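Computed from a predicted structure; not experimentally measured. Both ligands and their constituent atoms are indexed starting at 1 by order of listing.
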Amino acid sequence: MAKEIVDVLIIGAGPAGTMTAAKLIKSGLKVKIVERTHFPRYVIGESLLPQSMQHLEDAGFMDALVARNYQKKIGANFRQGQFQEFFDFSENYTEGWTWTWQVPRDDFDNVLAEEVQKMGVPIEFGSSVIDVNMEIEHPIVKVKNEAGESYEVEAQFVVDSSGYGRVLANLLDLNEPSASPTRGTLFAQFKPAAGVVTGEENNKVTILVHNKDVWIWLIPFSDGRVSVGFVGSPEYLESEAGDAKTRFLAYLGTNSDAMEMLEGMELCMEPKEIKGYSRGIKQLYGKNFVLTGNASEFIDPVFSAGVMFAIESGARAADLIVKQLNSESVDWQNDYEQHMVNGIEVMRTYIDGWYDGRLRSLFFAHSKPEKIKNQITSVLAGYVWDQTNPFVSRSEKTLNLLSEVHGNLEVV
Ligand code: FAD
């Protein structure tokens, strides 16, 4: 069987994979990405967080991204009936970027993939990683191309950035049940009907509380399209009969806020459904491998944190791989796994607080001190490692206390 030799083999060319690749190639390593699909390809997850912007700039992606003229996102708007609260990223408690973008991911991921190829990282599209042998000094990865031919890649290090493909988690038996309840999503895109002009209020993501357990995202893009999705329990998403489109339109029709926001717009993408996407994982690294982005843990999407964790994990993994391949000692447990778990657990606290009502009651409180709002805004912008923010360093306690003191009892 043919064999290729590289320093680092990356599985998957989503944001986790391309961020890792862009940082590794700067250190002069020989890097290759194997990507199952052909780009541009559709993937869900279009609302980014400001915390990612510094990484995108450091990795050298910024000029190419700016040229795409994506919709600027300056904050997040939450609505529940008469209650509404806007969190403006320019009021961040943590220092850092105060805006980001809302991006059609087929285009965004394609730009990152094109840029890493220009930097010198080959991407083999249309090929899948189907097996690995991690038990030897240099791992061997088995790849199958579109013609059905298999070949081997010998690497010093393997990065799994395969997202929902979860290649190493499946092959090395690393999957665990998710700590989050099973939820599903029904989603689609709208575009303005002929002659309709949109534009106002497009610079934010809107999250509508549909009912206690179900919420809706509305993410406008710069070309006028709006991504719309329901997230909730499988019971709710199957409470109407019919295919995804029938059910999606039935649920949408019962939400007057969403209908008002989509006035003058028409469906431009067949509604799709995904169930049970949350995943747990036993470990995020092992001998000569690391899991990044969705290939590791994936929690609920209510605060649009998926790409942020993908980019953070990719950037951090790359720095540690460079050290390891330079024969420096690396503390993967503390500097990678614990770091990622810390951030994920902060976000999980607020996701749990969202669904059990504590966070919504604080969001929609009639008055809350400005500093508290700034600190919440920081978490919503993705700054979940800023230990000076009590909403990060003592997340559960702070949420409990403040939702009791300032919470709005009419909500929930
Ligand atoms: P991906 O972007 O999934 O890329 C993985 C790549 O690996 C794919 O291109 C795939 O083809 C490839 N691959 C898979 N298997 C193989 C194989 N065997 N060999 C080779 N290649 C392979 N995130 C946000 O930031 N904002 C949001 O608003 C948001 N909303 C979401 C809403 C919902 C309902 C859900 C479920 C998720 C949402 N997310 C959101 C999360 C987001 O989709 C992911 O976190 C993000 O795409 C992860 O990026 P990644 O690079 O890890 O994986």
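- Listed by number with element, the atoms of ligand 1 under 4.0 angstrom from any heavy atom of Trp217 are 34 (C).
- Ranking the protein heavy atoms by distance from atom 25 (O) of ligand 1 puts Val307 N, 2.8 Å first.
- Residue Ile11 holds its CD1 atom at 4.5 Å from CG of Asp160, rounded to the nearest 0.5 Å.
- Ring pair Phe89/Trp101: centre-to-centre distance not below 6.0 Å.
- Taking the ring centroids of Tyr236 and His210, they lie under the 6.0 Å cut-off.
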**OP:** Kindly indicate, with the supporting measurements, whether the criterion side-chain contact (heavy atoms from CB on, under 4.5 Å) is fulfilled by Val307 and Arg105.
**Re:** CA-CA 10 Å; Val307 173; Arg105 283 285 303 284; 3.3 Å; yes

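- Ranking the protein heavy atoms by distance from atom 17 (C) of ligand 1 puts Val167 CG2, 3.7 Å first.
- Only the side chain of Thr185 comes within contact range of ligand 1, with a heavy atom under 4.0 Å; no backbone atom does.
- Of the protein's heavy atoms, Gly163 CA, 3.5 Å lies nearest to atom 53 (O) of ligand 1.
- At least one N or O atom of Val129 sits closer than 3.5 Å to an N or O atom of ligand 1.
- Atom 30 (N) of ligand 1 has its closest protein heavy atom at Gly45 CA, 3.4 Å.
- A distance below 6.0 Å separates the ring centres of Phe363 and Phe87.
- Near Gly293, with a cut-off below 4.0 Å to any heavy atom, the atoms of ligand 1 are 52 (O).
- Phe187 contributes atom CZ, which lies 11.0 Å from atom CD1 of Ile219 (distance to the nearest 0.5 angstrom).
- Nearest to atom 8 (C) of ligand 1 by heavy-atom distance, out of Arg105, Glu35, Arg36, Lys144, is Glu35.
- Within ligand 1, counting atoms from 1 as listed, the ones closer than 4.0 Å to a heavy atom of Gly165 are 14 (C), 15 (N).
- The protein heavy-atom contact nearest to atom 45 (O) of ligand 1 is Asn294 OD1, 2.8 Å.
- Within the listing of ligand 1, atoms 2 (O), 4 (O), 8 (C), 9 (O) sit less than 4.0 angstrom from a heavy atom of Arg41.
- Formation of a donor-acceptor pair under 3.5 Å by the Arg166 side chain with backbone atoms of Ser296 is found in this model.
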Original post:
Between Tyr164 and Ile44, does a side-chain contact (heavy atoms from CB on, under 4.5 Å) hold up when you go through it step by step?
Top reply: CA-CA 11 Å; Tyr164 304 103; Ile44 197 167; 3.9 Å; yes

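- From Arg183, atom CZ reaches atom CZ of Phe230 across 16.0 Å, with rounding to the nearest 0.5 Å.
- Contact annotation for Phe298 and ligand 1: only side-chain heavy atoms (C-beta onward) come within less than 4.0 Å of the ligand.
- Distances from ligand 1 to the non-hydrogen atoms of Ser127 include at least one value under 4.0 Å.
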Exercise for the section: Under the side chain to side chain donor-acceptor pair (under 3.5 Å) rule, what do Trp385 and Gln51 come out as? Steps first, then yes or no, please. Expected result: CA-CA 10 Å; Trp385 290 277; Gln51 196 271 357; over 6 Å; no

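- Taking the six-membered ring for Trp and the full ring otherwise, Trp217 and Phe303 have centroids separated by 6.0 Å or more.
- Near Ser161, meaning under 4.0 Å from one of its heavy atoms, ligand 1 places the atoms 5 (C), 6 (C), 7 (O).
- Among all protein heavy atoms, the one lying closest to atom 35 (C) of ligand 1 is Ile44 CG2, 3.8 Å.
- Distance check: Ile207 CD1 to Gln80 CD gives 13.0 Å after rounding to the nearest 0.5 Å.
- The distance from the CD1 atom of Ile321 to the CG atom of Asn326 is 12.0 Å, given to the nearest 0.5 Å.
- Close to ligand 1: Val34, with a non-hydrogen atom less than 4.0 angstrom away.
- At a heavy-atom cutoff of 4.0 Å, ligand 1 is contacted by the side chain of Pro301 but not by its backbone.
- The protein heavy-atom contact nearest to atom 14 (C) of ligand 1 is Ser162 O, 3.2 Å.
- Counting the atoms of ligand 1 from 1 in the order shown, those under 4.0 Å from a heavy atom of Gly306 are 23 (N), 24 (C), 25 (O), 41 (C), 45 (O).
- Short contacts between ligand 1 and Ser304, defined as distances under 4.0 Å to a heavy atom of the residue, involve ligand atoms 24 (C), 25 (O), 26 (N), 27 (C), 28 (O).
- Counting atoms of ligand 1 from 1 in the listed order, those under 4.0 Å from a heavy atom of Glu46 are 27 (C), 28 (O).
- Taking a 4.0 Å cut-off on heavy atoms, Leu48 fails to register as neighbouring ligand 1.
- The aromatic ring centroids of Phe39 and Phe125 lie less than 6.0 Å from each other.
- Closest to atom 51 (O) of ligand 1 by heavy atom, among Ala16, Gly184, Ala305, Ser47, is Ala16.
- Any N or O atom pair closer than 3.5 Å counts here, and Tyr164 shares at least one such pair with ligand 1.
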